[in-house]
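Read the structure below first, then the notes.
Atoms within each ligand, like the ligands themselves, are counted from 1 in listed order. Hydrogens, waters and symmetry mates play no part in the numbers below; they use all other heavy atoms, side chains included.
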Amino acid sequence: MDDTISKIKKYVRATNYLSAIQIYLQDNFLLKEPLKKEHIKPRLLGHWGTCPGINFVYAQMNAKIIEHNLDALFILGPGHGFPALQSNLFLEGTLGLYDKNSPRNYAGIANISKWFSWPYGFPSHSNPAAPGVILEGGELGYSLGTAWGTVLDNPNLISVCLIGDGEAETGPTATAWHLSKFINPKRDGAVLPILHANGYKISGPTIFGRMKNEELIELFHGYGYEPFMVDQNHGDIYEIMHNTIERCLEKIKDLKTNGKNENDSYPRYPMIILRTQKGWTGIKELNNERIEDNCLSHQVVGMNAKTDESELKLIEEWLKSYNFTELWEDDDFIDDIKSLIPPPSLAMGNNKHTFGLKYIESQFNVPDYSEFTEEATIPGTIGSSSMVRIGNYLKKVFEENRDNSNFRVFSPDESYSNKIHKIFEETSRVFSGPIAPWDKDITEDGRVMEILSEHSLQALMQGYVLTGRYGVFVSYEAFVQVVSSMADQYAKFLRIAREIPWRGNIPSFNYILTSSGWRQEHNGFSHQNPGFIDSMLQKQGCFVKVYFPPDGNSALAVMKRCLESKNQINIIVAGKTVEPRWLTGVHAEQELETGLAVWGFASDKNPDIVFSSAGEYLTKESLAAIKILKSELRDLKIRYVNILEISALGLGNSLCQVPLHSFTDYYTTDKPVIFNFHGYPETLKQILFEAQDGKNRFSVHGYIENGSTTTPFDLHLRNKTSRYDLVIDACEMLIKQNTIDVSTADIIINKYKQKISEHKEYILKHGVDPDEIENWKWS
Ligand SMILES: Cc1ncc(C[n+]2csc(CCOP(=O)(O)OP(=O)(O)O)c2C)c(N)n1
Ligand SMILES: [Mg+2]
């Protein structure tokens, strides 16, 4: 063992050196000549403090991977420690496999150093261009949840997750500790969480860093883990870590063989609390301030090295302290170090699970949905619930992939309330804790992840799909906003990953946003927020697609399309209430081809005005408005255009897949268009911006942040998306166009203004919408 420990020490010395030179040097990489100012980069960028701990863990894991042939991947929470990760990828040779400029020789060292944090070079944080990386590490908090997602249905995988002690203060990390309670030791792999208690974050101490060892052990024991302390103050930390990882691996093996201990509520997974000094082995003191073992080592130490002789000297002494030339011979690392490099198939940076579908052999069956479609040949007559349709279909998806074990649904306690509970005829919610006889649809081998933490679900699903499996995240529309920022980080990761040729395809990340604000009139204002799609539609290109199926049949067609797609973020906005059916399965498929369609049954040739809508509730109001106008103005010619899909590129899927039909094919060149949009009007306006032709002919209605506990129709009135508001708007537009005269228009406008005030009186008195609204039908 002494021999292994001494090799690990050399390995870490080498990676510490490489981490540091990436931050500082643009030349003289092996310090063959005395360090001069011109060797220092003009702009010093990077984070040193966290690097030594990362290097320490990576090297220790390599020794164990070789010893036990482990299938292990590495998830780095503090992605700002990228110089360390890069050093390890370089040393183990993975980087050279994917980047021809970074072979394991002097030219490779020069390349990673010169180009680290350099314009058009390597980014400063871990990123998708680095092999093995499946987490954009810039926004902290998501490593642990992502790691648990990777091991679901991967029984032999161990995901080593290094969590910063600052990162551990975040909400998403706090909740992710609980994810072990949804892990089935036999069916799933294991995460080995390592809390990197280096004591500091950017500019101060961390909560965990200042807790006593006993307090930390009690905390994590209470969370359901078996915590192991690895502390620099307890002896040779290299030896302690080496032995501790061994004990953790034994513990994981024991859990997999024997399941949870009968004294425990949940499977008790091991975790490590690693106390190292922040900036360990770096500059100890500068300007009479403590640097090593203090937050001042967080970023670049000696920022003035290029101009200040004494700082330059300090840096030279520090770099020389690693004696790198002793670790490097014949243009490669010495044998002691190379002996700790796992074979490429086992190297953490090259772990097959981190390449999406590239090396994953399992099949995923996306079944036909026709058996779930409903009769809709007479549009608008009978009702149906999109979410119930989707639930029926998802049950079949589970059925058809029973043997593949590569599909899961992720939902914050809402499978029932979001009406997809049909899936529980095929699977159940997973829970590895005690299950009471009266608990419904909960087993230890279910495939539905229900934890009331959108953060945990988002992270789990990221880990799951990035390792080549399939999923659907079903959320209340208003509360998916909780993970807006995470989804944004994921979108950034995906956007770059799509351009990296050696990364495999990734199953799409599918969201279903339901319990729409338009039918949250009973829960009130807090439950009304269509903002998630707004931020996601800022993502340029066509890898984020938002679908607004207008009814149950189209919801089925969209769901299938999303499950089949790759490398996208799909957002389906679908209601759960019973609403009119408009499209047959065939019509739904046709509309899906273009993403928007003129609905013939509601349209005339050569229209005077166009109505257009996205979202089932808004579609119903638009069609009801058309009916009213037709009854008031018999000669008026109207067209109705349904919008099924939107991306940042515009309405419809045209630019992404099929040739773009001209915008004017749908919306004419000069006629007024009244949009009724599910989300904020501004969201649609930003997409329509390029279509604006200066004629002021577009009027966009949508959610304008007026909500309360009220009736469904009153929500439309308050937001001016009701049929009456649309009729009034249409008349005003038609006056401007001289299509109708002012006096005719005024009569209609006043009539529907009157209707609006009568409605308020009616609901104040009766508490519900009038029958003509509640039971409105198209025909
Ligand atoms: C969610 C989030 N908030 C704030 C930051 C800014 N930030 C970057 S590094 C850092 C400190 C991280 O401390 P820790 O997790 O302990 O990492 P380490 O000590 O290993 O560098 C902070 C607050 C961030 N990246 N993400
Ligand atoms: Mg820290």
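Side-chain polar atoms of His196 and Glu167 form no donor-acceptor pair below 3.5 angstrom. For Asn154 and Thr467, the side-chain atoms include no donor-acceptor pair closer than 3.5 Å. Under the 3.5 Å distance criterion, with hydrogens and angles disregarded, no donor-acceptor pair is assigned to the side chains of Tyr142 and Glu136.
Within the 6.0 Å centre-distance limit, the rings of Tyr17 and Phe324 are counted as a close aromatic pair. In this structure, Trp177 has its ring center closer than 6.0 angstrom to the ring center of Phe220. Aromatic rings of Trp48 and Tyr24 (six-membered ring for Trp) have centroids beyond the 6.0 Å cut-off, not under it. For Tyr269 and Trp148, the ring centers are positioned less than 6.0 Å apart. For His527 and Phe479, the distance between ring centers is under 6.0 angstrom. Note: Tyr11 and Tyr58 fail the aromatic proximity criterion, with ring centroids not under 6.0 Å apart.
When OD1 of Asn198 and O of Tyr200 are joined through the Mg ion (ligand 2), the resulting angle is 90° to the nearest 10°.
For ligand 1, the atoms lying closer than 4.0 Å to a non-hydrogen atom of Glu167 are 14 (P), 15 (O). With ligand atoms numbered from 1 in the order given, ligand 1 contributes 18 (P), 19 (O), 20 (O) to contacts under 4.0 Å with heavy atoms of Asn198. Atoms of ligand 1 found under 4.0 Å from any heavy atom of Asp165 (numbered from 1 in listed order, with element): 15 (O), 16 (O). Atoms of ligand 1 lying under 4.0 Å from any heavy atom of Thr50, numbered from 1 in the order shown and given with element: 18 (P), 20 (O), 21 (O).
Taking distance alone, with nitrogen or oxygen atoms compared against 3.5 Å, Glu139 stays at or beyond that limit from ligand 1. Residue Ile202 has no N or O atom closer than 3.5 Å to an N or O atom of ligand 1. For Gly138, a nitrogen or oxygen atom sits less than 3.5 Å from a nitrogen or oxygen atom of ligand 1, counting backbone and side chain alike. Considering backbone and side-chain N/O atoms, Lys201 never comes within less than 3.5 Å of an N/O atom of ligand 1. Backbone and side-chain nitrogen or oxygen atoms of Thr206 are examined, and none is located within less than 3.5 angstrom of a nitrogen or oxygen of ligand 1.
Ile237 places none of its side-chain heavy atoms less than 4.5 Å from the side chain of Asp231.
At the top of the distance list for atom 17 (O) of ligand 1, counting protein heavy atoms only, stands His80 NE2, 3.6 Å. If you check which protein heavy atom lies closest to atom 18 (P) of ligand 1, you get Lys278 NZ, 3.3 Å. Nearest protein heavy-atom contact of atom 2 (C) of ligand 1 is Leu140 N, 3.7 Å. With respect to atom 14 (P) of ligand 1, the closest heavy atom belonging to the protein is Gly166 N, 3.4 Å.
When each of Lys251, Arg247, Arg268 is checked for a salt bridge (charged side-chain N to carboxylate O under 4.0 Å, His left out) with Glu226, only Lys251 meets the rule.
Under the 4.0 Å distance rule, the nearest protein heavy atom to atom 11 (C) of ligand 1 falls inside the cut-off.
Of all N/O/S atoms in Asp165, OD1 sits nearest the Mg ion (ligand 2).
Contacts with ligand 1 closer than 4.0 Å are made by no heavy atom of His47, backbone or side chain.
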